[in-house]
Every structure is written in structure tokens, then in C-alpha cells.
Number of protein chains: 2
Amino acid sequence: MPSSFAAHPAETFPAGTPAASQVFTTVLSQGPLTRLELARRAGLSAAAVTKAVRPLFASGYLVEDADTEARSALGRPANLVRVDGGRALFLGLKLTGDAIFGVLTDLRCRILLARRVPLTDRAAKAVLASTAELVRELLTEADGYGVRVMGLGIAVSGDVDRGEGVVRYSPFLEWRDVPLAELARAVTGLPVTVDNDVRALTVAEQWFGAGVGLSNFAVVTVGAGVGCGLVVHGRVVAGAHGVAGEIGHVTVDPDGPLCHCGNRGCVEAIAADPAILARIRERSGVEVADTTEAVDLARRGDDHAREAYSRAGEAIGRGIATVANLLGPERVVISGEGLAAYDLFAEQIRSAFAAAAFGSAARCDLQTRPLPFEEWARGAAATAIQSFITEPN
Amino acid sequence: MPSSFAAHPAETFPAGTPAASQVFTTVLSQGPLTRLELARRAGLSAAAVTKAVRPLFASGYLVEDADTEARSALGRPANLVRVDGGRALFLGLKLTGDAIFGVLTDLRCRILLARRVPLTDRAAKAVLASTAELVRELLTEADGYGVRVMGLGIAVSGDVDRGEGVVRYSPFLEWRDVPLAELARAVTGLPVTVDNDVRALTVAEQWFGAGVGLSNFAVVTVGAGVGCGLVVHGRVVAGAHGVAGEIGHVTVDPDGPLCHCGNRGCVEAIAADPAILARIRERSGVEVADTTEAVDLARRGDDHAREAYSRAGEAIGRGIATVANLLGPERVVISGEGLAAYDLFAEQIRSAFAAAAFGSAARCDLQTRPLPFEEWARGAAATAIQSFITEPN
DNA sequence: TTCTTTCATTGACAGCGGAAAATAAGGGCC
DNA sequence: GGCCCTTATTTTCCGCTGTCAATGAAAGAA
């Protein structure tokens with residue numbers, strides 16, 4: 001048995017029947033609900049709900065509120081059932097080439113604490129050591145809550161096999177076939193879930209964000225790259241070969257700039273942060289150091305900068321239209337660090353989307369959500385929560 | 001009660017439990033299987049399979065073969081379970097603006113008979129009258145088999161709500177909100193399933209074709225238009241607003257020819273039959289009457305015709321790559337009447353796909369299947385078979 | 001024949017979820 | 001305050017499904 005510094009041994013979730021687990025998930029994401037409403041949403045009888053929630057109350061995962069208000073005038077007042085977020089804690093980590101971001105969340109995936117440690121060596125061994133240290137630190141902080149940390153989620157960009165817990169290929173870390181879940185479990189003693197970063201973010205939206213209650217939606221992230229997580233038939237799409245949601249490599253302009261994938265005019269080659277900087281440089285000759293500067297320039301009215309953002313918005317809008325035309329999602333959530341500059345391309349995203357969406361695909365609801373960087377780590381925590389609830393260990 | 005000329009009253013399928021229905025579906029699409037193998041594939045115990053198949057044997061939907069060969073050397077020989085295709089008949093219709101295609105199939109969706117009636121009036125009432133006549137004719141023929149016709153499937157291009165049995169909008173027929181399932185049931189007396197034509201074809205591939213056993217694949221049709229049916233997580237994608245799989249309106253070249261959707265350079269504006277004819281005309285000045293002539297021209301080496309097909313192949317390949325990048329299907333089946341000219345653009349499809357597919361999305365298996373026009377009607381029959389089995393009436 | 005192996009069925013049983021009846025908890029009304 | 005009405009929740013009972021373990025079946029091998 002490898003050394004472990006987890007404060008406590010794992011305690012399993014009383015998952016019970018699949019129906020019970022679905023009941024819990026419904027309460028978790030759809031907020032406090034009466035038992036009757038819960039029965040309706042989970043497609044069960046009231047009696048089944050009563051039975052399903054009993055062990056969950058007994059173990060403290062669910063608690064009951066007096067229904068303060070908004071109750072029907074007549075009849076017995078309903079009691080609201082809700083998840084006790086404080087009943088369990090989780091850790092989420094996002095690995096990048098430069099740093100590890102970590103958060104401590106409660107069971108409702110609310111961030112209690114965020115940390116960042118820089119990364120100098122990208123070799124798996126070094127990253128694992130930093131991971132272990134960050135986890136140790138977060139666990140120490142977690143001790144103050146007097147509640148156990150029940151799982152650790154790790155999000156990595158690239159081709160990740162969540163089922164096996166293996167990072168097949170990560171371009172930024174330059175990893176191939178690293179069995180990260182097993183390695184991290186060994187050094188932390190926690191149950192570990194490993195997933196692709198965009199899919200992890202999508203899980204967070206599905207359970208705790210703008211995707212709650214939807215069985216068909218997409219999350220588009222804009223920042224250093226352009227990514228997309230898809231939920232179809234209520235499940236996150238993973239792709240047969242580990243690749244899915246590559247909206248960044250949808251072609252927008254065959255004569256456009258060269259993309260690192262070898263093609264021209266990919267969304268990412270136009271709308272990702274480096275592409276925008278390159279565009280400004282190319283057109284104005286001005287060397288722009290970073291995104292903040294580019295945004296400043298554009299906000300101050302610089303034509304070249306504005307054009308670069310406008311062009312990016314158009315590319316994103318077209319990419320989203322492509323997703324909408326193919327999958328007909330109910331909603332697309334646009335997010336990512338790039339959204340800090342949302343005012344500079346919002347209009348272009350919407351108009352390009354409206355122009356390129358076919359028929360009633362245009363009825364898709366476009367939403368935007370700012371994405372502070374720790375949200376990526378929160379996505380990882382969401383996968384850990386999901387595993388905790390749905391995978392009885 | 002409206003008049004009905006269905007030969008016999010409906011007899012329901014002994015669907016039993018969901019598991020039983022899944023067992024039947026497995027046998028239906030995965031051919032003859034031993035009970036043990038069946039248990040494995042359906043994720044059940046052998047005992048459960050024994051119980052599930054009993055009523056199906058009793059009602060004649062399943063029959064047993066002596067396991068002729070390929071049996072393990074040792075132990076009791078297994079018996080093969082298979083669906084008795086002759087146990088039930090189905091009708092499938094495909095409505096176009098010009099004609100109705102109809103087929104009579106058996107329970108295994110094998111075409112027994114195909115018919116076509118021309119259509120002069122596209123009004124719902126007139127189409128319904130022609131439909132009734134064609135169905136009557138097919139039912140008469142079906143009488144010769146001494147087996148009941150258990151359902152009718154109708155495939156229509158456009159926005160179709162299968163659940164409600166309503167054609168929301170059909171551009172070729174110029175229909176809006178026609179409750180076709182109810183209307184057709186009234187005049188034929190048969191249970192009716194109505195679905196979008198490409199989705200119907202996709203169901204046929206999923207249950208009886210190249211998609212058997214796959215939970216993530218796509219069907220791309222090339223012909224008068226370019227369409228796409230998607231199966232994700234084992235289910236056909238319908239889209240939140242009835243639109244999905246619009247690969248035809250994925251942009252390939254923003255400076256390309258104008259598409260009827262209002263955008264430029266859609267796949268359909270480059271690769272559909274009329275687009276190819278237009279391209280040849282535009283470049284060579286030669287007026288090409290129809291697709292046959294265009295194919296002849298290209299096969300005889302005419303440069304303009306060859307270029308038009310080559311360009312079409314490239315557009316299709318790019319469109320497929322977009323689907324592969326977004327969904328990571330295991331396989332894409334390329335089909336449609338346009339495939340008669342497959343030799344003229346096969347190479348371009350493959351190379352454009354390979355160039356534009358990102359990472360391991362390129363591992364997707366591209367298959368081609370010729371598509372005689374009656375296959376569209378067969379797709380409709382497949383939806384009727386699906387409804388018969390999964391929707392206990 | 002008898003044993004071994006593999007396939008298939010049977011019967012006892014446990015668990016889940018549904019229906020209906022019972023119980024709980026208000027408010028309104030007299 | 002007691003009774004009635006309404007709505008929420010629980011209890012009780014019951015059927016159904018699928019599993020487990022044991023048994024039966026049908027070869028070939030010894």
C-alpha cells in the first residue's frame with residue numbers, strides 16, 4: 001500500500017438504486033424541491049421518492065427545510081428537500097503547461113478555496129510531485145471544515161480516457177499514455193477522476209450551471225484555444241476515439257491563417273488569443289504583448305485591434321452555427337477567459353451565428369458566462385462529485 | 001371511426017419488459033445468436049434471457065435453428081435464436097415533391113416489393129389520397145404472404161416531429177404542421193410512424209445496416225441535397241428544435257456559390273446534384289441536362305465535369321471531417337443517389353477528410369453504401385418496425 | 001457407460017417501484 | 001374550538017424483474 005496523507009478513509013455514498021441516485025442528482029442540480037415535485041421531475045411515484053430519500057437523510061446528504069414561502073394557499077405545506085453542501089468536500093485540479101490550479105469545493109460544487117502553484121518541469125513525475133503538494137495543502141485547509149474530502153478530480157486538456165483514468169495525449173504537458181488517476185490515487189490516497197478539461201467544464205455546467213435540466217446543449221470556451229463540450233441525450237459526448245467537440249478546428253475560411261493543426265482558417269487560428277494578437281501585429285505592425293494590451297487597444301478604438309476582435313467573433317459565431325446545425329442544441333454557453341473581451345465581439349458572434357444557422361437551429365439560446373480561471377479546476381471537482389455519486393466504490 | 005381497408009386488426013407485439021424488448025432488438029440486428037451470447041450482449045443473466053425469449057417464441061417472433069456449425073468442440077451444442085422475418089410485414093413510404101416510393105418489407109426489413117406512384121398535386125389532401133391508394137395496392141400484394149402488415153412508416157424531408165407524428169415544415173411538399181401520422185392512420189387503419197427521411201435512413205442503418213452494434217456513427221447522404229443522420233449514445237439525434245444533421249449547410253468556402261439558405265459555400269451548394277450541374281455549366285458553358293449526363297461527361301474525361309465532381313468530393317470530405325471533429329463517430333456511412341458517381345470523387349472525399357480531421361478523429365471508419373432510391377422507403381419501414389417493437393400499443 | 005464440458009432452464013428469492021389507503025398538516029368556516 | 005377541505009407524505013401491500021444457485025440436457029472423451 002503506497003503512502004497516503006488523506007486525512008480520513010473513504011466513506012461511500014449510499015447510492016442505492018439507480019433511481020435513488022437520479023433523485024439525488026435532481027435535488028443536487030435543481031435546487032431545493034418538494035418531494036412531489038421531485039417525483040415528477042425524476043419520473044417516479046411519490047412513494048418511490050420517499051423510499052429513495054430515506055437513506056440519504058439518514059446519512060446526512062439531504063436535509064429538509066421548512067417551506068418558508070411560495071406555497072400553495074391550500075393543503076398541507078410541502079417540505080423542501082435539499083442537498084447539504086457541507087456534508088462532503090472535493091478537490092479539483094486543472095493542469096496546464098505552466099501551473100496547477102486547485103480548488104476546494106463543497107458537495108454543491110461551490111468553491112471554498114482556490115490555489116495556484118507554478119510548474120517548471122512538465123515531466124509526469126514532477127507534475128505529480130507538485131500535485132501531491134498542492135493536494136496536501138488543500139487537505140490541510142479542508143481540515144478546518146471538519147468534513148472529509150471525498151474525491152479528487154483532475155482536468156487536463158487533450159485526449160483523456162476518463163473511464164481508464166489515463167491521459168492518452170496532452171500536447172501542453174507533452175504526455176502520452178500517463179495513467180494519471182492511478183498515480184494520483186497512489187500519492188494522495190483519494191479516489192481520483194481524470195477527464196478532459198472542456199468536458200469537465202461541461203459536466204459543471206450540466207450539473208451546476210447553465211445546462212441544468214437540458215439534455216442537449218453545448219459549452220464553447222474561448223481563450224488560449226477554442227474548445228467545445230457537447231451534451232447530447234443528457235450525456236457528455238466523449239467520441240469513439242477520445243476526440244470530440246473540436247470546434248476549434250472547424251474551418252471558417254479556407255484561405256485564412258495557418259493553424260497549428262496544418263489546415264487554414266480554423267476557428268482557433270482566428271479567434272484564439274494568440275491568433276488575435278498575431279492579427280493585430282500583422283495588420284498594424286504594432287507588437288502587442290498580451291491579451292490585456294490588445295483588449296485595451298481595441299477598447300480605446302484602435303481599428304486594427306477592433307477588426308481582429310470582430311473577425312474572431314465572426315469565426316466563433318460561425319463555429320457555433322455549425323454545432324447548432326449538426327446537433328440542434330437547446331442552448332450554447334459561451335465561456336472562457338477570452339470572454340473578458342466579450343463586449344468587443346458579442347455582436348459579431350450573434351450576427352454570424354444568426355446568418356449561418358439553418359432554419360430553426362437559429363432558435364438556439366446563446367448565453368455567455370464569464371470564466372475566471374479557477375472555474376476550470378471547479379469543472380474537475382464536478383467530475384469528482386459526479387463519480388462520487390454515480391460510481392459506488 | 002373512419003373507414004379503413006387494413007386487412008386485419010392490429011396485433012400487438014409481446015414487448016414485455018424493456019429488457020425483453022432489448023433482447024429482441026439485439027437478435028433482430030445482430031443476427032442469429034446463442035442465448036448465452038445474447039445474455040452477454042444485452043448485459044443480462046442467462047436466466048433472464050430464457051425468460052425474456054419465451055413469450056417471443058410462443059408468439060412466433062423468434063425461432064430456433066439447430067446450431068449447424070461453428071460450435072465449440074466440447075459441451076452441449078448451443079442453439080441459435082433468430083427472428084422469423086416472415087412473422088410480420090411492414091410498409092415504408094418516402095414522400096418527395098414528385099412521387100411516392102413505397103416498399104413492403106418483412107420484420108427484418110428486407111424489401112419484398114417496391115412501388116412508385118407519381119405525384120402531381122402536392123397539397124396534403126391529394127398526397128394523402130395517393131398514399132392511400134399506394135398503401136391499398138401494397139396491402140393487396142401483402143395478402144399473398146398470408147401475414148399481417150403491422151405498421152406503416154412514412155419518411156418526409158424537412159422538419160418532422162416523430163413523437164407527435166407531425167410534419168412541421170416540408171420545403172418540397174410545401175407543408176406546414178400537417179398531422180400526417182393521424183391522417184394516414186385514419187385512411188389506412190394502420191399504426192403510422194412519421195419521421196424525417198434522413199433520420200429514417202439512419203434508423204435502418206442502425207438496426208439493419210452498417211451501424212449495427214455502434215453507439216456513435218453518422219450517415220451522410222449525397223444526392224439532390226446533402227444530409228446527415230447522427231447516432232450518439234446509441235440514439236438518433238433529433239435536435240431540440242427538430243433540426244439536426246444539417247451537414248449540407250456547413251460552410252466550406254465563404255466565397256463559394258450562393259446556397260438557397262442564403263449563405264455562400266455550403267456543402268450542399270457545392271456537392272449536391274444541381275450544384276454540380278451548375279458548376280459544369282458555369283465553367284464550360286455546356287448545358288448539362290441531368291446527373292447521368294454529367295457523370296458520363298466526367299467519365300469520358302471532360303475536365304470541367306471532373307473538376308466539378310472533384311470539388312464536390314472535397315466539400316463532402318470537409319463536411320464529414322467537421323462532423324468527425326465535433327462528435328468523434330466510430331464510423332461514417334456515405335450513401336445517397338449521388339454515390340452512383342462515387343468513383344469520381346471517392347479520392348477527394350478521403351483526402352479532404354484526412355486533411356481536415358483533427359487528431360484521432362481521423363481514425364473514423366469511412367464506408368460507402370450504394371443507395372437505390374427504394375432504400376429511402378426502406379428507412380421509413382425501419383421506423384415502423386422500431387415503433388412496433390418499442391412502443392407497446 | 002460414465003465423466004467432463006458447455007448450454008439452458010427452473011425455482012426460490014430479494015429488491016424495486018407502483019397503487020391505494022392511511023396519515024399529517026395546514027387553512028377556512030361555522 | 002371542532003370539522004371539513006385540500007394538499008403533502010408515508011405506509012402497506014403486491015406484482016414483477018432479474019439474479020443466484022441448483023438442476024437438467026446434450027454432446028464428445030475416456
Side-chain angles (χ1 to χ4, degrees), chain A residues 12-27 30-59 62-82 389-390 392, chain B residues 12-27 30-59 62-82 389-390 392:
Chain A
T12 62
F13 180 76
T17 136
S21 144
Q22 204 225 320
V23 164
F24 186 78
T25 306
T26 306
V27 182
Q30 322 222 1
L33 289 171
T34 72
R35 287 173 176 73
L36 229 52
E37 182 58 23
L38 193 46
R40 207 181 55 73
R41 299 205 191 179
L44 293 168
S45 69
V49 170
T50 292
K51 287 176 206 170
V53 296
R54 210 190 323 263
L56 293 166
F57 275 105
S59 51
L62 290 180
V63 291
E64 202 158 14
D65 280 346
D67 184 356
T68 45
E69 50 207 286
R71 37 175 304 263
S72 44
L74 243 46
R76 170 179 171 176
N79 292 315
L80 290 174
V81 176
R82 86 185 150 73
I389 291 169
T390 59
Chain B
T12 62
F13 179 75
T17 134
S21 143
Q22 205 225 323
V23 163
F24 186 78
T25 307
T26 307
V27 181
Q30 322 225 358
L33 290 171
T34 71
R35 286 173 175 73
L36 231 54
E37 181 59 23
L38 192 46
R40 206 181 56 73
R41 299 205 192 178
L44 294 169
S45 68
V49 170
T50 292
K51 286 175 204 170
V53 296
R54 211 194 318 269
L56 293 166
F57 274 105
S59 51
L62 291 180
V63 291
E64 201 156 15
D65 280 347
D67 183 358
T68 46
E69 50 206 283
R71 38 175 301 264
S72 44
L74 241 47
R76 169 178 173 175
N79 290 317
L80 291 175
V81 176
R82 91 186 145 73
I389 292 170
T390 58

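Computation of the quantities below employed the complete heavy-atom set of this structure, encompassing side-chain atoms and omitting hydrogens, waters and symmetry-equivalent molecules. A note on names: the letters A, B, ... follow the listed sequences, proteins ahead of strands, and every chain is numbered from 1.
- Distance, B:Leu74 CG to C:dC3 P: 16 Å, rounded to whole Å.
- Taking atom CZ of A:Arg35 as the reference point, atom C1' of D:dT10 lies 9 Å away to the nearest angstrom.
- Backbone-only engagement by B:Ala19 is indicated by non-hydrogen atom pairs under 4.0 Å involving sugar-phosphate atoms exclusively.
- Residue contacts for B:Leu36: at a heavy-atom cut-off of 4.0 Å it reaches the sugar-phosphate backbone alone, with no base atom in range.
- Residues A:Leu80 and A:Thr34 have side chains in contact (heavy-atom distance under 4.5 Å, counting atoms from C-beta outward).
- To the nearest angstrom, P of D:dC16 lies 13 Å from NZ of B:Lys51.
- Considering B:Leu62, B:Asp65, B:Leu33 as possible partners of B:Arg82, the one that fulfils the side-chain contact (heavy atoms from CB on, under 4.5 Å) test is B:Asp65.
- In this structure, A:Ala48 reaches the sugar-phosphate backbone alone: every heavy-atom distance under 4.0 Å involves primed, P, OP1 or OP2 atoms, never a base.
- Residues A:Pro14 and A:Ser59 share a closest heavy-atom pair of CG-OG, 3.3 Å.
- Each end of the helix from C:dT1-D:dA30 to C:dC30-D:dG1 yields a helix axis from five base pairs, and these two axes differ in direction by 30° (to the nearest 10 degrees).
- Phosphate proximity of C:dT10 to B:Arg54: present, with a side-chain N or O under 4.0 Å from OP1 or OP2.
- With values rounded to the nearest 0.5 angstrom, B:Leu36 atom CG is found 9.0 Å from B:Thr50 atom OG1.
- Between B:Arg40 atom CZ and C:dT6 atom P the separation is 16 Å, expressed in whole Å.
- Taking atom CG of B:Leu38 as the reference point, atom P of D:dG18 lies 13 Å away to the nearest angstrom.
- What separates CG of B:Leu44 from P of D:dC16 is a distance of 19 Å, to the nearest Å.
- Taking only side-chain nitrogens and oxygens, A:Thr50 never comes nearer than 4.0 Å to OP1 or OP2 of D:dT11.
- Among residues two or more places apart in sequence or in another chain, the side chain to side chain donor-acceptor pair (under 3.5 Å) test is passed with B:Gln30 by B:Arg41.
- For A:Phe57 and D:dT10, the CZ to P distance is 8 Å, given to the nearest whole Å.
- Distance check, rounded to the nearest 0.5 Å: CD of B:Glu37 to OG1 of B:Thr26 gives 10.5 Å.
- With distances taken from any side-chain atom of B:Pro77 to the nucleotides D:dA8, D:dA27, C:dC16, the minimum falls on D:dA27.
- Remark: A:Thr17 is in phosphate contact with C:dG17, judged by side-chain N or O atoms under 4.0 Å from OP1 or OP2.
- Between B:Arg76 and D:dG28, a side-chain N or O to OP1/OP2 separation shorter than 4.0 Å is absent.
- Identified under the side-chain hydrogen bond (donor to acceptor under 3.5 Å, both in side chains) test for residues 15-24 of chain A, with sequence neighbours left out: none.
- For the pair A:Glu37 CD and D:dA8 C1', the computed distance is 13 Å after rounding to whole Å.
- Residue B:Ala78 has its side chain nearest to C:dC7 when only D:dT11, C:dC7, D:dT9 are considered.
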